[in-house]
Structures are given as C-alpha cells and as structure tokens.
Amino acid sequence: MNTSARLDRLPPYLFAELERKIREKKAAGVDVISLGIGDPDTPTPSFVVDELSSAAREPATHRYPSNRGRPELREAFARFYDRRFGVSLDPETEIVPALGAKECIFNLNLAFLDPGTVALAADPGYPVYTGGPLLAGAECELMPLLPERGFAPDLDAIPAQTRERARLMYLNYPNNPTGAVAPEGLFQRAVDFAREHDILVVHDASYTETTFDGYVAPSFLETPGAKDVGVEVFSLSKGYNMTGWRTAAIVGNSDAVAAYWKLKTNIDSGMFEPVQMAAAAALDRGDAEPKRMSAIYQRRRDLVVGALREIGVNVGTPKATIYVWAPVPGGHTSASYCELVLEESGVVVSPGSSYGPNGEGFFRISLTVEDERLSEAVERMRTSLSSG
Ligand SMILES: *Cc1c(COP(=O)(O)O)cnc(C)c1O
C-alpha cells in the first residue's frame with residue numbers, strides 16, 4: 001500500500017517518546033495529571049444544550065444542511081461582531097459557518113495555495129498553520145515570535161523573494177501557545193504588508209473571549225482596511241466550552257469567504273442544523289459565559305504562575321488564553337524538562353518545541369483542569385522540583 005507524497009511531507013511526530021513515557025507511568029500505577037491539552041473542562045452552557053435538543057426534535061432539521069449556513073446563524077454572528085467589536089458584517093456575503101477553526105484554516109490552504117507558493121506562519125504556532133500548507137503542496141515560511149518583541153512577528157525580516165510567493169499570512173491573538181495579546185500596531189502593519197504584497201491575512205480569533213485583568217481583545221477586523229485584505233476565523237470552542245460541537249465561522253473579505261465556500265461545497269455538507277441553532281443561541285445570549293470562564297482561568301493562572309515562580313521558573317503573567325507559557329530552567333531542553341516534570345511529579349506539560357523551532361526553551365501548561373487537580377499538580381511540581 002502506498003500513501004500519498006502529500007502525506008509523506010508531514011514531519012514525523014516529535015513527541016512519541018514523551019507519550020510512551022506517559023503510558024509507562026500510567027501502567028505503573030502513577031496518578032498522572034495532564035496539563036498538556038487545551039480543552040475546557042467545564043460543560044457547555046445548559047441553554048445551548050437545550051437549544052440543540054429542542055431543535056433536534058424537529059424532523060426538518062435532520063436533512064442535509066446548506067454549506068452557507070442558516071440565515072439565523074449568519075445573522076447571529078453579524079449581531080455578535082457588531083455588539084462585541086463594533087465591526088459590521090454582511091450576513092449574505094461576509095460570513096460562512098465552519099466546522100471548527102481547524103477545518104476552516106486547513107481548507108483555506110487548499111483554497112489559496114499552489115505548489116511554489118508560501119504561507120507565512122507563526123513559530124511557535126498552532127500546528128495547522130504549518131501542516132496545512134504542506135498538505136496543500138505548498139510551502140511554509142516561519143515567522144519567529146520572540147519574547148523580546150512581545151511575540152509579534154517581524155514583518156520587515158521576511159525576505160523579498162518570500163513576500164512575492166506568499167499568499168497567506170496566519171496571525172493569532174490572543175496567542176496559542178504563548179498567551180500573548182495583540183502587540184500594539186501589529187494588525188495595522190499586517191494590513192499594510194498584505195496590501196503591498198497581495199497577501200490574504202487570516203486571523204485566528206480562537207481566544208478573543210478568554211481574557212483577564214480587564215483586558216478586552218480586539219478583532220483583527222477592527223483595524224482600518226482589514227476587510228480589504230483579511231478574514232477572521234472566530235471559534236466558539238474555547239470561549240463557550242464548545243470544543244466538541246465544531247462551531248466557528250469565517251468572516252470578513254467577501255472574495256475570500258466566497259472562495260472558502262466554493263471549496264467547502266466540494267468537501268463537506270455543512271453543520272448539523274440543531275448545532276447551528278445552538279451556536280446562534282450561544283452568540284445571542286451567551287455573552288456572560290466567556291466572562292464567567294475567564295474568571296475561572298484567571299484564578300487558575302494565578303495559582304500556576306505563583307507556583308512556578310516558587311520553583312524558580314521565570315514566567316510572565318498572561319492576559320489571555322487558557323495557557324501559561326514558561327521558559328524551561330537552565331540546562332534543559334523543552335523535551336528534557338517535560339520528561340523531568342513527568343518523572344518527578346507525574347505531571348504532563350507540553351514541550352514548546354512541538355509548536356515550532358522557536359518554541360524550544362519553553363513549556364506550555366494548560367489551565368483546563370479542575371481547580372483541585374490543578375492545585376495538586378502545581379503542589380507536586382513545587383515540592384519535587386524546587387531548586388532550593
Ligand atoms: C483550539 C484552537 C483552534 C481549534 O479550534 P476549533 O474551532 O475547535 O477547531 C484553532 N486555533 C487555535 C490557535 C487553537 O488554539
């Protein structure tokens with residue numbers, strides 16, 4: 001059996017070894033606590049579940065949905081964007097629902113890239129920004145996100161030949177994995193750069209609703225000129241505890257939205273209608289939910305940051321997201337430190353290097369574990385890893 005050259009282009013899975021050790025620990029009876037994956041631990045709001053179940057009782061919702069989405073859902077996204085960001089969107093031409101941000105981002109690669117063209121992707125970054133272009137037969141140019149630049153890419157450092165071949169640029173603020181919020185002026189520079197080089201900016205807005213200490217995250221589309229050169233992918237997964245539901249939308253530039261839609265009509269058949277109705281309810285009536293969740297994550301963030309500082313880890317205080325991104329102590333690589341943490345305390349944290357070469361030297365802790373388990377995890381790390 002031969003797999004495709006496309007599939008063979010994907011890099012080997014880096015953390016097989018760490019996963020093997022996790023299995024080994026579990027088999028040996030260790031109570032392993034995983035702070036590895038970012039997946040909200042509390043349930044979807046009950047009014048959203050109620051909306052799904054009542055809609056699912058209507059036989060009319062059981063048939064093929066339309067890939068454009070129900071007007072109610074597109075209109076709910078438009079109302080949300082207007083109320084939350086002051087961004088006005090035409091539900092007819094500027095919004096199409098997606099089966100999660102991941103599906104949307106992956107498919108944008110197929111819609112916009114050819115062999116020989118390039119996607120500009122953050123390093124470290126969400127893996128689909130780099131895997132997607134490879135699977136589309138195109139290339140990926142990494143834009144380093146460095147702490148000394150506030151985790152903003154240096155657009156001036158992108159080589160001239162790369163700019164000419166680039167068709168997509170991925171941005172994501174608040175950022176996974178670094179927890180950084182949009183650096184001052186970056187969105188405007190991205191709009192200017194995209195206009196000059198005829199690039200589509202794709203802003204991944206997976207964490208705009210998960211913010212702390214009074215910080216309010218902007219939409220990329222608030223930036224003057226953004227709609228001429230860009231789209232935003234807004235997901236309900238993290239903010240509304242809806243990861244399993246596969247609910248997101250692409251919003252913004254109507255030509256880009258139309259290209260995505262054209263591609264998508266050939267790939268899937270849209271979102272189950274009761275899920276669309278539930279998502280519309282979340283957008284219309286759910287403003288309090290991400291705020292309530294953010295308060296929980298803020299408390300957990302303080303717990304984790306405090307404990308890390310006690311064991312000599314020099315970590316910043318993120319203003320958003322469900323992650324703490326911390327430098328590994330001296331003498332370690334990301335992988336060796338994550339193995340040590342597992343070995344000494346039975347706690348799983350993610351090696352920064354799994355998000356790109358510039359993630360080397362960091363590890364990521366996810367805050368999506370109930371308070372008691374998280375307290376226990378940090379207590380174990382504090383007692384077993386204390387340098388003093
Ligand atoms: C979790 C995550 C996604 C995936 O979102 P879905 O809508 O669940 O597909 C996309 N981008 C980033 C940066 C994420 O962290």
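One-based numbering, in listed order, for ligands and for the atoms of each. Note that these values count all heavy atoms, side chains included, but never hydrogens, waters or copies made by symmetry.
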Report, one line per pair, each donor and acceptor closer than 3.5 Å where one atom sits in a side chain of residues 217-228; sequence neighbours left out.
residue, atom, partner, partner atom, Å
S219, OG, L221, N, 2.9
S219, OG, E232, OE1, 2.7
S219, OG, E232, OE2, 3.4
E222, OE2, S219, N, 2.9
T223, OG1, F220, O, 2.7
K227, NZ, S88, O, 2.8
K227, NZ, E94, OE1, 3.0
K227, NZ, E94, OE2, 3.2
D228, OD2, R195, NH2, 3.1

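- With salt bridges taken as basic N to acidic carboxylate O contacts below 4.0 Å, none links R246 and E103.
- Side chains of T61 and R70: a donor-acceptor N/O pair is absent below 3.5 angstrom, by distance only.
- Every pair tested for side-chain hydrogen bond (donor to acceptor under 3.5 Å, both in side chains) that includes a residue from residues 145-157 fails, sequence neighbours excluded, so the list is empty.
- By the criterion of side-chain heavy atoms lying less than 4.5 angstrom apart, applied directly or through intervening Ile, Leu, Val, Met, Phe, Trp or Tyr residues, Y173 is not grouped with L168; the two fall into different hydrophobic clusters.
- At a 4.0 Å heavy-atom cut-off, the residues surrounding ligand 1 are G100, A101, K102, Y126, Y129, N172, N176, D204, S206, Y207, S235, S237, K238, R246, listed by chain and number.
- For residues 120-147, every residue pair satisfying the side-chain hydrogen bond (donor to acceptor under 3.5 Å, both in side chains) rule, not counting sequence neighbours, is listed here: D123-N358, Y129-D204, E139-R165.
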